[in-house]
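All values derive from a computational prediction rather than experimental measurement.
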Amino acid sequence: MHALPDLVCPAGSLPALKTAVDQGADAVYLGFKNDTNARNFAGLNFDHKSMVEGIRYAHSKGREVLLAINTFAQAGRVADWRKSVDAAVDLGVDAIILADVGLLDYAANKYPQQRLHLSVQGSATSYEAINFCQREFGVRRAVLPRVLTLAQVEHVIKNTDVEIEVFGFGSLCVMNEGRCWLSSYACGESPNTVGACSPAKYVKWDKQPGQMETRLNGILIDRFGDDEPAGYPTLCKGRFDVQGETYYALEEPTSLNVLEILPDILKIGVRAIKIEGRQRSPAYVAQVTRTLRAALDSLRDSGERYHVKPSWQAELAKVSEGNQATLGAYNRPWR
Amino acid sequence: MNQKMTIPRFRLPQFVASLGQKLPQWPHSLVLTGALNAALKLKLLPESELALLEDKLFRVRVLDTGGEALYTFRSGLFRPVFQATREPDLAFAANLSAYLQLLTRQEDPDTLFFNRELEITGDTELGLIVKNMLDAVEWPNLPQLPLLRG
Ligand code: SF4
């Protein structure tokens with residue numbers, strides 16, 4: 001039997017980090033307050049002081065801190081991204097999560113001792129891509145995009161020594177993540193360029209009697225009745241008129257939830273499970289971390305007799321986008 | 001209010017709202033700005049983000065009490081606004097229980113928003129700044145804030 005996967009939890013603020021640690025995260029991941037990370041939202045993330053305190057707190061409890069510098073260095077500003085790598089090494093984080101091969105090269109050459117992880121934004125879906133990053137940059141772990149079936153994840157693990165991390169819970173970014181430009185189509189800014197999908201300054205929630213409209217830079221994304229759940233204002237989750245029919249033409253707003261297949265994830269040798277949501281509040285981090293910790297511990301203790309408790313599902317359903325949970329690509333019949 | 005106490009989702013009866021609407025609205029504004037200024041004094045709110053709130057008009061509406069608070073941030077202090085001359089830059093509307101769940105960090109605003117229990121209208125980016133600013137606060141002693149007393 002493999003060791004229990006690490007539980008990797010999101011921290012968009014110091015209180016969220018402390019909450020994650022207190023509720024049983026093995027590692028937390030976070031980012032600087034700038035466009036070097038893919039959750040670059042106003043007011044979110046860590047300045048130097050809170051970073052130092054966060055790392056101190058996590059390390060004092062024996063947990064790891066992973067720092068995401070997972071956007072792509074923009075033309076003419078490569079120095080900003082390199083500086084962030086320098087700062088991360090300086091701070092003494094346990095690993096840096098990178099997506100840009102140029103930055104991976106920089107970090108690997110300048111700091112050969114520093115542990116590097118390949119970000120989901122790096123969009124490596126095959127063992128060939130992952131082994132390449134190991135050979136060239138000494139990458140020790142890769143986070144797989146949420147587009148692979150469980151069988152495909154297993155195939156990757158069998159063919160690489162690099163640790164594999166997968167997503168376990170959170171809002172889905174359904175397209176080939178790391179390659180999606182939908183947001184740029186609407187407003188000229190995308191995760192890989194400015195570090196945010198559908199930046200807030202382009203979003204308008206328009207409340208009218210009986211309904212609410214969401215617009216992204218003027219483009220109508222969705223319209224909700226008063227008793228319908230709302231979702232994030234991303235193009236991929238909008239309802240559009242396609243040949244006379246209005247529906248979620250790309251993907252329904254759902255949350256990924258792997259509680260049911262946790263035993264399989266353990267069996268195939270996944271090294272870490274990541275929770276999405278650095279943009280969420282400490283309350284969310286507490287609820288999701290607590291629930292996945294309980295599930296993982298129960299899997300460790302009861303092995304074959306593991307079963308998903310209804311209370312876990314209820315807790316996770318409550319915080320989900322769109323109030324629907326899915327196994328995402330993990331159990332998709334097509335590839 | 002200790003961490004163990006959970007706030008259930010509740011809705012006050014309709015007549016409370018109609019009563020609330022008949023009362024003068026400014027006491028709510030005074031209580032809310034008092035609480036925010038107390039947080040300011042304790043240096044809980046980050047200065048870089050506070051600057052982004054300058055001169056913005058905020059409205060907090062409590063649907064099931066019929067209460068409403070209008071306030072702004074000017075020259076380093078939150079100030080009640082007694083008469084709005086324009087639409088607020090940012091407006092929140094929710095039942096009392098949702099606000100209490102937010103303040104005690106029992107629920108996440110996105111959750112309440114997805115479930116349509118919290119309505120946010122106006123400048124979305126400003127809304128995000130406010131949310132993230134409050135999330136980043138390390139409340140030393142939550143029960144001591146005037147808003148939650150009693
Ligand atoms: S539009 Fe959707 S799929 Fe594309 S980056 Fe945004 S969340 Fe991801």
Engineer: Rounded to the nearest 0.5 Å, what's the gap from CZ on Arg280(A) to CG on Asp135(B)? Could you check?
Structural biologist: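 Rounded to the nearest 0.5 Å, the CZ-CG separation comes to 10.5 Å.
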Engineer: Does any backbone or side-chain atom of Leu44(A) lie under 4.5 Å from a heavy atom of chain B? Answer side chain, backbone, both or neither.
Structural biologist: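 Both backbone and side chain.
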Engineer: Is there a donor-acceptor pair under 3.5 Å between the side chain of Thr121(B) and the backbone N or O of Lys207(A)?
Structural biologist: no
Engineer: Report which part of Lys33(A) has an atom under 4.5 Å of a heavy atom belonging to chain B: side chain, backbone, both, or neither.
Structural biologist: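 The side chain, not the backbone.
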Engineer: Taking all non-hydrogen atoms of both residues, which atom of Ala230(A) and which atom of Phe113(B) are closest, and how far apart?
Structural biologist: CB-O, 4.0 Å
Engineer: Quick check: does any side chain N or O of Arg116(B) sit under 3.5 Å from a backbone N or O of Glu228(A), one acting as donor and the other as acceptor?
Structural biologist: yes
Engineer: Which atoms of Glu49(B) come close to chain A, meaning under 4.5 Å heavy atom to heavy atom: side chain ones, backbone ones, both, or neither?
Structural biologist: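 Contact with chain A is through the side chain of Glu49(B) alone.
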Engineer: Of the backbone (N, CA, C, O) and the side chain (C-beta and beyond), which part of Asn45(A) lies under 4.5 Å from a heavy atom of chain B, both, or neither?
Structural biologist: neither
Engineer: When rounded to the nearest 0.5 angstrom, what is the spacing between CD in Gln287(A) and CZ in Arg105(B)?
Structural biologist: 13.0 Å
Engineer: Do other residues, nucleotides or ligands put more than 12 heavy atoms under 6.0 Å from Gln208(A) CD?
Structural biologist: yes
Engineer: Find the one option among Leu126(B), Leu52(B), Leu102(B), Asp110(B) whose heavy-atom pairs under 4.5 Å with chain A are most numerous.
Structural biologist: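 Most heavy-atom pairs under 4.5 Å with chain A: Asp110(B).
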Engineer: Determine the minimum heavy-atom distance between Ala200(A) and Leu128(B), stating which atoms define it.
Structural biologist: CB-CD2, 3.7 Å
Engineer: Report the distance from atom CG of Asp123(B) to atom NZ of Lys201(A), rounding to the nearest 0.5 Å.
Structural biologist: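 Nearest 0.5 Å value for the CG-NZ distance: 11.5 Å.
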Engineer: Measure distances from Tyr202(A) to the heavy atoms of chain B and classify the residue's part below 4.5 Å as side chain, backbone, both or neither.
Structural biologist: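 For Tyr202(A), no heavy atom lies under 4.5 Å from chain B.
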Engineer: Tell me, side chain or backbone of Leu134(B) under 4.5 Å from chain A's heavy atoms, or both, or neither?
Structural biologist: neither
Engineer: Heavy-atom distance under 4.5 Å to chain B: side chain of Ser281(A), backbone, both or neither?
Structural biologist: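 Both parts, backbone and side chain.
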Engineer: Restricting to non-hydrogen atoms, name the atom on Trp205(A) and the atom on Ile120(B) that form the minimum distance, rounded to 0.1 Å.
Structural biologist: CB-O, 3.8 Å
